[in-house]
Amino acid sequence: MSDCKGIITEIQRFSVHDGPGIRTLVFLKGCPLRCQWCSNPETQEKECQTLTRQGKVETVGKEVTVKTIIHEVLKDNIYYRRSGGGITLSGGEPLFQPDFAKALLHGCKDTGINTAIETTGFAGYEVIESMIPFLDLVMYDVKHISSEKHRLFTGRSNSLILSNLEKLAQTGVPIIVRVPVVPTFNSTPEEMTAIASYVAKIKGIKALHLLPYHRLGESKYAELGRTYDFALMEPLQHEAMTKLLDIVKRSGLHCQIGG
């Protein structure tokens with residue numbers, strides 16, 4: 001298991017926005033969705049690739065073993081113990097490298113490290129189910145209730161995503177639903193009401209976090225030789241986000257802005 005290999009883009013230490021406590025984020029490469037606002041476009045393709053940054057060609061992605069990552073993660077074990085933190089698998093989509101993600105979660109649990117995953121939920125349910133014994137928290141994206149609009153903006157239907165969420169909630173694993181709030185996609189009161197109402201009806205889910213859209217990843221598209229479709233899109237103002245927050249609160253869910 002410790003020799004299992006996967007492809008990552010980076011390991012980010014001392015994160016406080018991707019699960020409880022101080023955490024180490026591991027960004028896995030590859031994602032089946034193509035969200036138009038994606039802030040990590042360098043993680044979409046599973047294989048290593050090149051980009052041009054400040055006139056220099058760089059390789060994005062490297063193959064690593066589970067053992068190598070756990071060695072790096074354990075450097076901050078004292079901070080995890082004091083803060084309730086641990087490791088969070090992100091991406092891309094961690095479920096897109098199922099064997100590697102499972103082995104990494106398993107290895108972390110064996111060493112006493114708290115585990116979490118950020119996921120779109122787009123995979124066969126058997127993939128998700130195999131990881132449940134090694135997960136302390138799942139942060140699960142629900143982007144829209146309309147399958148048609150979800151496909152238009154991400155390239156995929158949301159039917160598998162929502163079905164997997166309902167099955168996962170029945171297992172008792174802690175889940176935080178996260179909604180990336182994106183102008184022109186899901187930012188109207190009607191759309192947020194539909195999302196909150198849907199999530200609130202799923203037994204076992206009590207929390208929903210609103211993640212404001214931002215353009216921090218815009219420069220990466222030029223580095224990859226790609227066009228950023230949301231280049232002219234402005235993030236929502238705080239007042240608009242607060243109104244959406246109030247809508248979610250009325251559904252009975254614990255809600256906050258940010259991860």
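We use all heavy atoms of the structure for the numbers below, so side chains are in, but hydrogens, waters and symmetry mates are not.
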- Kindly indicate, with the supporting measurements, whether the criterion side-chain contact (heavy atoms from CB on, under 4.5 Å) is fulfilled by Glu118 and Thr88. CA-CA 7 Å; Glu118 298 177 329; Thr88 297; 3.8 Å; yes

- Item | Member of Val199, Thr120, Ile176, Leu165 meeting the side-chain contact (heavy atoms from CB on, under 4.5 Å) criterion with Tyr140 | Leu165

- Item | Same apolar cluster: Met139 and Val26, side chain cutoff 4.5 Å | no

- Note on the structure: Smallest heavy-atom separation, Cys48 atom then Thr59 atom, equals CB-CG2, 4.3 Å

- From NZ (Lys243) to OG (Ser187), nearest 0.5 Å: 12.5 Å

- Query: Under a 4.5 Å cut-off applied to non-hydrogen side-chain atoms, are Met192 and Leu210 in contact?
  - Reply: yes

- Would a distance-only check, ignoring hydrogens and angles, find a side-chain to backbone donor-acceptor pair under 3.5 Å from Tyr80 to Val73? yes

- Query: Under 30°, 30 to 60°, or over 60°: which ring-plane class applies to Tyr221 and Tyr228, parallel, tilted or perpendicular?
  - Reply: tilted

- Query: Can you name the nearest heavy-atom pair linking Gly84 to Arg23, along with the distance?
  - Reply: O-NH1, 4.0 Å

- Task: Examine distances only and state if a side-chain atom of Asn164 and a backbone atom of Ala123 form a donor-acceptor pair shorter than 3.5 Å.
- Result: yes

- Task: Look at atom NZ of Lys149 and say whether more than 12 heavy atoms of other residues, nucleotides or ligands are closer to it than 6.0 Å.
- Result: yes

- Task: Mind checking the OG-CG spacing from Ser15 to Asp76? Nearest 0.5 Å is all I need.
- Result: 11.5 Å

- Decide yes or no for Ile78 and Arg81: does some side-chain heavy atom of the first lie under 4.5 Å from some side-chain heavy atom of the second? yes

- Short side-chain to backbone donor-acceptor contact, Thr111 and Gly107, under 3.5 Å: yes

- Task: Would you give the length of the straight line joining atom CD1 of Ile113 to atom OG1 of Thr24, rounded to the nearest 0.5 angstrom?
- Result: 8.0 Å

- Message: Would you say that Ile70 contacts Cys108 through its side chain, given a criterion of any heavy-atom pair below 4.5 Å between the two side chains?
- Response: yes

- Charged N to carboxylate O under 4.0 angstrom, Glu223 versus Lys56? no

- Message: Quick check: closest heavy atoms across Ser157 and Arg151, and the distance to 0.1 Å?
- Response: CB-NH2, 3.3 Å

- Message: Looking at every non-hydrogen atom in both residues, tell me the closest pair between Ile257 and Pro212 and how far apart they are.
- Response: CG2-CG, 3.7 Å

- Query: Are Leu33 and His150 side-chain neighbours, meaning at least one heavy-atom pair lies under 4.5 Å?
  - Reply: yes

- Phe185 vs Met233 side-chain heavy atoms within contact, under 4.5 Å: no

- Item | Hydrophobic cluster membership, Leu25 vs Leu137, 4.5 Å side-chain cutoff | no

- Count the heavy atoms of every other residue, nucleotide or ligand shown that sit under 6.0 Å from NZ of Lys67, and state whether that count exceeds 12. no

- Query: In terms of the angle between their ring planes, are Phe230 and Phe153 parallel, tilted or perpendicular, with boundaries placed at 30° and 60°?
  - Reply: perpendicular

- Message: Let's go through Tyr198 and Glu166 carefully: what are the C-alpha distance in whole Å and the side-chain angles of both, what is the deciding distance for side chain to side chain donor-acceptor pair (under 3.5 Å) to 0.1 Å, and is it a yes or a no?
- Response: CA-CA 10 Å; Tyr198 168 77; Glu166 293 169 16; 2.7 Å; yes

- Answer yes or no: are there more than 12 heavy-atom neighbours, outside Tyr79 itself, under 6.0 Å from its atom OH? no

- Looking at Glu218 and Ala231, what are the two nearest heavy atoms and their distance? OE2-CB, 3.7 Å

- Quick one: are Phe96 and Val127 in side-chain contact, heavy atoms under 4.5 Å? no

- Please report the C-alpha distance between Ile7 and Gln97 in whole Å, then the side-chain angles of each, then the deciding distance to 0.1 Å, and finally whether the side-chain contact (heavy atoms from CB on, under 4.5 Å) criterion is met. CA-CA 8 Å; Ile7 300 176; Gln97 296 188 56; 4.2 Å; yes

- Under a single-linkage definition using a 4.5 Å side-chain heavy-atom cutoff for Ile, Leu, Val, Met, Phe, Trp and Tyr, are Ile145 and Leu244 assigned to the same hydrophobic cluster? yes

- Is a side-chain donor or acceptor of Thr227 paired with a backbone partner of Asp229 at a separation under 3.5 angstrom? no

- Query: Do Ile132 and Leu104 belong together in a cluster built from hydrophobic side chains that touch within less than 4.5 Å?
  - Reply: yes

- Message: How long is the straight-line distance from CZ of Arg250 back to CG of Leu245, given to the nearest 0.5 Å?
- Response: 10.0 Å

- Hey, is the main chain of Gly259 close enough, under 3.5 Å, to the side chain of Gln256 for a donor-acceptor pair? yes

- Query: Looking at Thr65 and Asp3, what are the two nearest heavy atoms and their distance?
  - Reply: CG2-O, 4.0 Å

- Message: For a side-chain contact (heavy atoms from CB on, under 4.5 Å) check, start with the C-alpha distance between Met241 and Val181, then their side-chain angles and the critical distance, and finish with the verdict.
- Response: CA-CA 8 Å; Met241 287 297 302; Val181 182; 3.9 Å; yes

- Task: Indicate yes or no: at least one non-hydrogen side-chain atom of Glu93 is less than 4.5 angstrom from one of Leu28.
- Result: no

- Message: I'd like to know if Lys29 pairs up with Glu42 as an ion pair, taking the criterion as any Lys NZ or Arg NE/NH1/NH2 lying under 4.0 Å from an Asp or Glu carboxylate oxygen.
- Response: no

- Around Lys220, counting heavy atoms of other residues, nucleotides and ligands shown, do more than 12 lie under 6.0 Å from its NZ? yes

- Enter the distance from Ile195:CD1 to Leu253:CG here, rounded to the nearest 0.5 Å. 11.5 Å

- Query: Under 3.5 Å, is there a donor-acceptor pair between the side chain of Ser39 and the main chain of Gly217?
  - Reply: no

- With Val179 as reference, evaluate Leu211, Asn186, Asp141 under the side-chain contact (heavy atoms from CB on, under 4.5 Å) test and give the passing residue. Asn186

- Item | Main-chain N/O of Ser159 paired with Ser163 side-chain donor or acceptor, under 3.5 Å | no

- Got a sec, which residues hit side-chain contact (heavy atoms from CB on, under 4.5 Å) with Asp99, two or more places apart in sequence or on another chain? none

- Message: Would you say that Met131 contacts Pro94 through its side chain, given a criterion of any heavy-atom pair below 4.5 Å between the two side chains?
- Response: no

- In sequence, state the C-alpha distance, the side-chain angles, and the governing distance for Phe122 and Thr154, and then conclude on side-chain contact (heavy atoms from CB on, under 4.5 Å). CA-CA 11 Å; Phe122 194 92; Thr154 73; over 6 Å; no

- Query: For the atom pair CG (Leu89) and CG (Leu95), what is the distance rounded to the nearest 0.5 Å?
  - Reply: 9.5 Å

- Query: Do you reckon Leu160 sits in the same ILVMFWY cluster as Leu152, going by side-chain contacts under 4.5 Å, direct or chained?
  - Reply: no

- Item | Ala116 backbone acceptor or donor facing Asp136 side chain under 3.5 Å | no

